[in-house]
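Report on one structure; see the data block that follows.
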Amino acid sequence: MWRKCNKCGAPIFSEDVKAGNYICPKCGGYFRVHARRRIEMLADAGSFEEWGEGLPISNPLGLPGYPKKLSELKEKTGLDEAVLTGKLSIDGHETAIGVMDGRFIMGSMGRNVGEKIAGAAERATALGLPLILFCCSGGARMQEGIVSLMQMAKTAAALKRHSDAGLLFISVLTDPTTGGVTASFAMLGDIILAEPGALIGFAGPRVIEQTIGQKLPEGFQRAEFLVEHGFVDAILPREKSRETLARLLAFHERTDGQAAALSGDRSTDAQKGREVCAEENAAGAVGEMRAADAAGYADKVRIAGDGQEAPEKQSVSAWERVKLSRKQGRLTGLDYIQGIFTDFTELHGDRAYGDDKAVVGGIAYFRGRPVTVIAQQKGRNTKENIERNFSMPSPEGYRKALRLMRQAEKFGRPVFCFVDTPGAFCGMEAEERGQGEAIARNLFELSSLKVPILSVVIGEGGSGGALALAVADEVWMMENAVYSVLSPEGFASILWKDSKRADEAAGVMRITAEDLKALGIIERVIPEPVPVEKKNSGDFCRVLAAGFEEFLARYGALSGEELTARRYERFRNM
């Protein structure tokens with residue numbers, strides 16, 4: 001009835017722990033969860049169907065005593081191996097699942113574990129199902145030698161086929177996830193989640209300390225450390241597991257139409273898209289905001305807010321536009337995301353080095369349709385600006401954006417980008433980590449991304465740092481935004497050796513939305529009868545939402561090949 005918490009040492013009532021998702025009610029520490037208990041916590045009643053049971057015992061090294069140990073563990077745990085696989089539904093969303101159990105030789109991966117995971121991936125692929133794997137392992141199983149090592153390649157190959165079929169794989173890392181499991185299927189998820197405080201790493205902390213002869217810092221290799229360093233999308237509190245997984249499965253649930261689109265069966269829609277685009281090009285209408293689509297653009301005056309009419313529009317200089325684009329209180333990328341989209345779920349990290357807070361990205365719904373949204377994010381105050389590096393992305397920010405765009409392509413989701421940066425971060429560490437390569441890679445990959453991309457410059461569009469999120473089918477600009485090869489201050493310093501002539505430089509650089517529309521660099525200018533800010537955000541978000549719907553109606557009907565061909569011609573003609 002009573003047991004002791006292995007984190008805080010407090011005596012706790014066992015039933016309280018079971019009722020509380022196996023979390024200590026005193027300190028919040030997580031107990032390890034048995035595989036079948038995990039299934040009970042997630043599955044709709046009666047929905048679990050077990051797969052892959054009954055595999056014969058594997059003993060490739062012929063170790064004496066090993067088969068007996070396996071037999072004893074089978075009897076003790078009620079499992080035939082260190083992973084339980086099958087199919088279930090979570091809040092009505094059907095998925096394949098695998099749950100590892102640390103009681104079975106510390107969840108180590110031998111031949112049968114690899115066989116069950118690969119088999120689950122293959123069966124999920126055949127049935128068109130997503131796959132969720134809960135990882136808990138000490139790594140490869142030493143008792144099976146090199147055969148254990150080969151399971152890393154086998155499971156990875158099976159997951160590649162599952163991925164190539166356009167199917168979702170969610171990896172959930174629990175305590176501990178180490179060794180060959182970390183270096184194979186655990187880190188290959190389209191979305192990677194981790195329970196709070198979970199130990200995650202390739203080499204265990206004791207091995208590292210013995211190797212380098214140093215004490216490791218507090219929190220090293222824990223789940224939060226992995227988020228900070230770009231390898232995990234989000235922390236998954238256990239009490240929210242079912243809700244979060246159901247939401248992610250819903251985002252990726254494929255309708256018959258989406259399945260046809262992914263398989264390339266789009267001929268009728270593609271023809272319709274060609275006709276629409278041809279008509280608009282012929283009429284010279286591409287890029288013009290239609291007042292009817294924007295509900296009369298709030299009658300062009302009510303955007304003033306507080307029931308007041310907007311003042312009559314005055315001529316605004318380029319330098320004034322620059323100052324307005326930088327003005328404190330102007331809407332940020334997150335403001336637009338929250339005002340236009342629903343159920344935004346942020347995903348973190350570049351899977352290589354870090355999570356750059358200057359770039360925010362994730363998945364959301366736009367009028368019932370799953371989309372990917374990415375924004376360069378300025379802070380709303382000085383503290384936030386410092387945290388977000390004044391929206392100057394580092395290489396990992398661009399790599400995070402590219403990762404999310406590739407994910408969008410895999411699942412057939414349109415991409416919306418909000419551009420607002422004075423430029424890519426110019427620092428020694430950014431150069432060390434390949435700032436130029438990261439931007440170049442985005443330009444290279446975005447040119448051939450086979451889903452619709454729309455980029456909106458909402459504030460500053462500074463140089464290549466902005467372009468890295470603006471290789472799109474169309475680029476729009478808010479009227480008080482600017483987009484330039486470098487800042488007016490930099491232009492004046494380089495050309496005239498006098499940064500104080502920035503206002504003059506702004507006038508000759510042709511950096512305003514009106515200038516860029518005339519040059520054919522952008523397709524649409526979003527009027528600002530008054531500068532956009534919090535009090536009138538609703539009106540502007542409605543305007544953009546109407547435009548986004550029109551954009552999807554035109555570009556969503558085109559095949560991937562047609563999209564990339566049009567995008568190529570767009571830039572080829574500049």
Completion exercise
The reported gap from CD in E384 to CG in L334 (rounded to nearest 0.5 angstrom) is 8.5 Å
Practice task
Keeping to residues at least two apart or across chains, list the salt bridge (Lys or Arg N to Asp or Glu O under 4.0 Å) pairs with something in residues 485-499.
Solution key: R326-E489
Exercise for the section: Using the ring pair (Phe, Tyr, Trp, His ring centres under 6.0 Å) rule, collect all pairs that involve residues 320-341, keeping only residues at least two apart or in two chains. Expected result: Y336-F418, F341-F366, F341-F416
Exercise for the section: Output yes when R403 and D350 qualify as a salt bridge under the 4.0 Å nitrogen-oxygen rule, no when they do not. Expected result: no
Exercise for the section: Would you check if there is a donor-acceptor pair between the side chains of R388 and Q376 at a distance under 3.5 Å? Expected result: no
Handout entry: Donor-acceptor pair between R247 and H93 side chains, under 3.5 angstrom
Key = no
Exercise for the section: Classify the side-chain pair N385/T382 by whether it contains a donor and acceptor separated by less than 3.5 Å. Expected result: no
Handout entry: Contacts of type side-chain contact (heavy atoms from CB on, under 4.5 Å), residue A505, not counting sequence neighbours
Key = P488, F491, A492, W496, M509
Practice task
For this output row, return yes or no: ring centroids of F390 and F425 closer than 6.0 angstrom.
Solution key: no
Exercise for the section: With rounding to the nearest 0.5 Å, note down the distance linking CG in L563 to OH in Y555. Expected result: 8.5 Å
Handout entry: Any donor-acceptor N or O pair under 3.5 Å, side chains S317, E320
Key = no
Problem - Flag for K450-T564: side-chain donor and acceptor within less than 3.5 Å - result: no
Exercise for the section: Determine whether the side chains of T372 and R413 contain a donor N or O and an acceptor N or O closer than 3.5 Å. Expected result: yes
Practice task
For E387, enumerate each residue passing the side-chain contact (heavy atoms from CB on, under 4.5 Å) test, keeping only those at least two apart in sequence or located in another chain.
Solution key: K357
Practice task
Please name all residues satisfying side-chain contact (heavy atoms from CB on, under 4.5 Å) with D420, sequence neighbours left out, ordered by chain then number.
Solution key: K378, I458, E460
Practice task
Could you list the residues that satisfy side-chain contact (heavy atoms from CB on, under 4.5 Å) with R330, not counting sequence neighbours?
Solution key: M478, N480, E528, V532
